[in-house]
Protein chains: 2
Amino acid sequence: MTISPHVLLSLDDAFELSLSVLLRNGMNERHATAVAKSVVAGQRDECHSHGMYRLLVCVRGLRSGKVNGEAEPEVLNVSPALTRVDARGGFSQVAFDVGAEHLVRKADEVGIAALAINNCFHFSALWQEVEALAEMGVAAMAMTPSHSCVAPAGGTKPLFGTNPFAFSWPRPGDFPFVFDFATSVVARGDIELAKRKGERIPLGWAIDKDGNPTEDSNAALEGAMLTFGSYKGSALSAMIELLAGPLLGDLMSFESVALDAGAAITPYHGELLVAFSPERFAGGATSAKANHERAENLFNAIVDQGARLPSQRRFEARARSNRHGVRLDRGLFDEIREL
Amino acid sequence: MTISPHVLLSLDDAFELSLSVLLRNGMNERHATAVAKSVVAGQRDECHSHGMYRLLVCVRGLRSGKVNGEAEPEVLNVSPALTRVDARGGFSQVAFDVGAEHLVRKADEVGIAALAINNCFHFSALWQEVEALAEMGVAAMAMTPSHSCVAPAGGTKPLFGTNPFAFSWPRPGDFPFVFDFATSVVARGDIELAKRKGERIPLGWAIDKDGNPTEDSNAALEGAMLTFGSYKGSALSAMIELLAGPLLGDLMSFESVALDAGAAITPYHGELLVAFSPERFAGGATSAKANHERAENLFNAIVDQGARLPSQRRFEARARSNRHGVRLDRGLFDEIREL
């Protein structure tokens, strides 16, 4: 008898397993449910770096005493267009859920609105958030810093985080148009993976600690990663530091990493979300319905020339997982069960 | 006696020349003043593609009868966070000036606000607009489509415009932090320049009409340009089409180029600007003053490791021009005077 290197779980079983691990490690029902949904969604869409593997990191955060698994987020209705949610040291998921409905209501009322989340431990993929907002009918941007590991273009030292940026556009009757990318060339995990496999990395991903281009994953991890698209990606990364940092009165990547002090907990900082209501923006000679149809013309023109829409692979993975369940590496499955 | 290949003009003389050309080609005082300021600012900052050379394009637009040099922009106060300005077929500068004060006032009041400009001929560099907004105290984003000449990542045909994205952060007592980039790898003018010089272009800038990578500038101009940063730049470019197009009920790049029908007039479409008030966003444990100081720490960390802030070269050029005036190619100077 051979042991399969993978375990197949139904989505319900994957959720129950995640929930039970989180509950017995100090999370209350509300947080555990939100985080379990989030990691199972990552696993379902085959975004493994944001999948059930993250349970290990969550539990490390909870056991360290740094993350509060029972934090009650506090909502501050700053203005008709701005909501602030203080996550009070909890993970971001519950804070997002609480803030999202204010954000969408305000965007529907005044056209554009912002949600500032403060004091949260953030590890979920931003596509989850902007996709949820698109399903509530708005277009949305999300951005957050992380931990310093990326050098600004022309520099030599880690300063920016991998600073993701995500966007969604609602498509009535279809999956939304969604993208979510790191402003670094690749995810830090890609370099860690190359190190584990003893492989070289492509030139352009990173520099060593003296600022020289390197193909050595060890040297890269001791040096700095690079931004995508050279100075343009670097500019975007700086924008994300500013808008999801000082604008909100929260930490930038180099401040969060200093606070972490080597504990390797999920970064602790803020997040900015912006929502746009296609209904409220329409007006004059245009209707929201006609505007949605014109957006579809753009998507058709992309697909008709053989290009893919962003997230297409992810939606295909989702369809597979919805039919067949999710696959989990046997070693990871055992590790999760023992948490 | 040799003729200098350049003409040196004081900023005042450059402005007077630009103003007189625009006035005698059918613009009223208000439009001519705003456009003259804009092209002289481009010349002053040595952004030559947005400098006084643009007077040739402006005049072509005015003489074609397509651009209305006397358009009265119409302001619609949609909500406490949203202003719409119908440029009514004029150039964008006056519409922006009219809308900017509403945008900043609303951002100051509710934290975040948007300005939708519709039905305008847009050719000014976006840094001019976001820099003006930063000087009024807000952080700002600006984006606009253009004319289809860029293929989506994985595609082969022109669909997106060069779709610029700009951002500013106000720095009390200093030039703002400002960037402004095309989401194409390079500006279309860079390929046109290579063609004029008979030079090859680097691989990665463009594809030929069959979708193959090309170093031939003619083949590139008949084919399509590529987005910066591959699929990430392509995703951003699609976002700009959506937010500055269907969201506002205005044209996307492939719709604007169809309307132009080969006349080579400045693209006709909309623009989205978003403003964030650091004062209104501050709150809780943070003050706007402390947040501004923390942003300065980021800028210092960039500069201290030998990297440049975006726009640094432009501000250096501005200082030179403020002292010595602007240099204009003699041939261009003669052409402008004869307009």
Side-chain angles (χ1 to χ4, degrees), chain A residues 76 78-82 84 86 109-114 116 118 139 151-157 159 167 169 177 179 181 228-229 231-233 235 238-239 241-243 245-249 252 254 274 276 278 280-286 291-292 294-295 298 301-302 305-308 310, chain B residues 76 78-82 84 86 109-114 116 118 139 151-157 159 167 169 177 179 181 228-229 231-233 235 238-239 241-243 245-249 252 254 274 276 278 280-286 291-292 294-295 298 301-302 305-308 310:
Chain A
L76 190 64
V78 180
S79 84
L82 177 57
R84 185 189 282 280
D86 183 346
E109 284 169 8
V110 297
I112 184 170
N118 284 116
T156 57
K157 292 184 178 55
L159 176 65
F167 172 75
W169 176 268
F177 174 91
F179 68 80
F181 59 69
F228 90 97
Y231 70 92
K232 296 184 182 180
M239 176 189 85
E241 296 283 347
L242 292 166
L243 290 184
L247 180 73
L248 316 181
M252 291 177 282
F254 71 95
V274 178
F276 305 85
R280 199 77 177 91
F281 262 87
T286 71
N291 291 343
H292 274 298
R294 290 178 46 250
L298 182 73
I302 292 172
Q305 64 172 273
R308 299 171 78 100
Chain B
L76 189 64
V78 180
S79 85
L82 177 58
R84 184 190 282 280
D86 183 346
E109 283 169 8
V110 297
I112 183 170
N118 284 116
T156 57
K157 293 184 177 57
L159 177 65
F167 172 76
W169 177 267
F177 174 89
F179 67 79
F181 58 69
F228 91 96
Y231 71 92
K232 296 184 182 181
M239 176 189 84
E241 295 282 350
L242 293 166
L243 289 183
L247 180 73
L248 316 181
M252 292 178 282
F254 70 96
V274 178
F276 304 86
R280 199 74 178 92
F281 263 86
T286 70
N291 291 341
H292 275 298
R294 292 179 43 252
L298 182 73
I302 292 172
Q305 62 173 275
R308 300 171 79 99

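Heavy atoms only: backbone and side chains are in, while hydrogens, waters and symmetry mates are out. In what follows, chains carry the letters A, B, and so on, assigned in the order in which the sequence lines appear, proteins first and then strands, with residues in each chain numbered from 1. Remember, it's a predicted structure, so these values are computed and weren't measured experimentally.
Highest contact tally toward chain A, considering only B:G111, B:P152, B:P310, B:G229, is held by B:P152 [criterion: heavy-atom pairs under 4.5 Å]. Interface summary for chain A: among B:A235, B:A307, B:P246, B:G154, the most heavy-atom pairs under 4.5 angstrom belong to B:P246. Between chain A and the options B:I302, B:N118, B:D86, heavy-atom pairs under 4.5 Å are most frequent for B:I302. Here B:L242 is the residue among B:V78, B:T156, B:L242 with the most heavy-atom pairs under 4.5 Å with chain A. Chosen from B:R308, B:E241, B:H292, B:M252, the residue pairing most often with chain A at heavy-atom distances under 4.5 Å is B:M252. Of the residues considered (A:A151, A:P80, A:G233, A:A295), A:A295 shows the highest number of contacts with chain B, using heavy-atom pairs under 4.5 Å. Of the listed residues (A:L243, A:V110, A:I112, A:L247), the greatest number of heavy-atom pairs within a distance under 4.5 Å of chain B belongs to A:L247.
A 4.5 Å side-chain heavy-atom check between A:L298 and B:F254 finds at least one atom pair inside the cut-off.
Proximity to chain A (any heavy atom under 4.5 Å) is shown, for B:A238, by both the backbone and the side chain. Looking at B:A153, only its backbone comes within 4.5 Å of chain A, counting heavy atoms on both sides.
By the salt bridge (Lys or Arg N to Asp or Glu O under 4.0 Å) test, B:R280 pairs with no residue at all, sequence neighbours left out.
In terms of heavy-atom proximity, A:M239 sits nearest to B:F179 at CB-CE2, 3.9 Å. Shown here for B:F228 and A:K232, the closest heavy-atom pair between the two residues is CE1-CB, 3.5 Å. Considering all non-hydrogen atoms of both residues, A:K157 and B:Q305 come closest at N-OE1, 2.8 Å.
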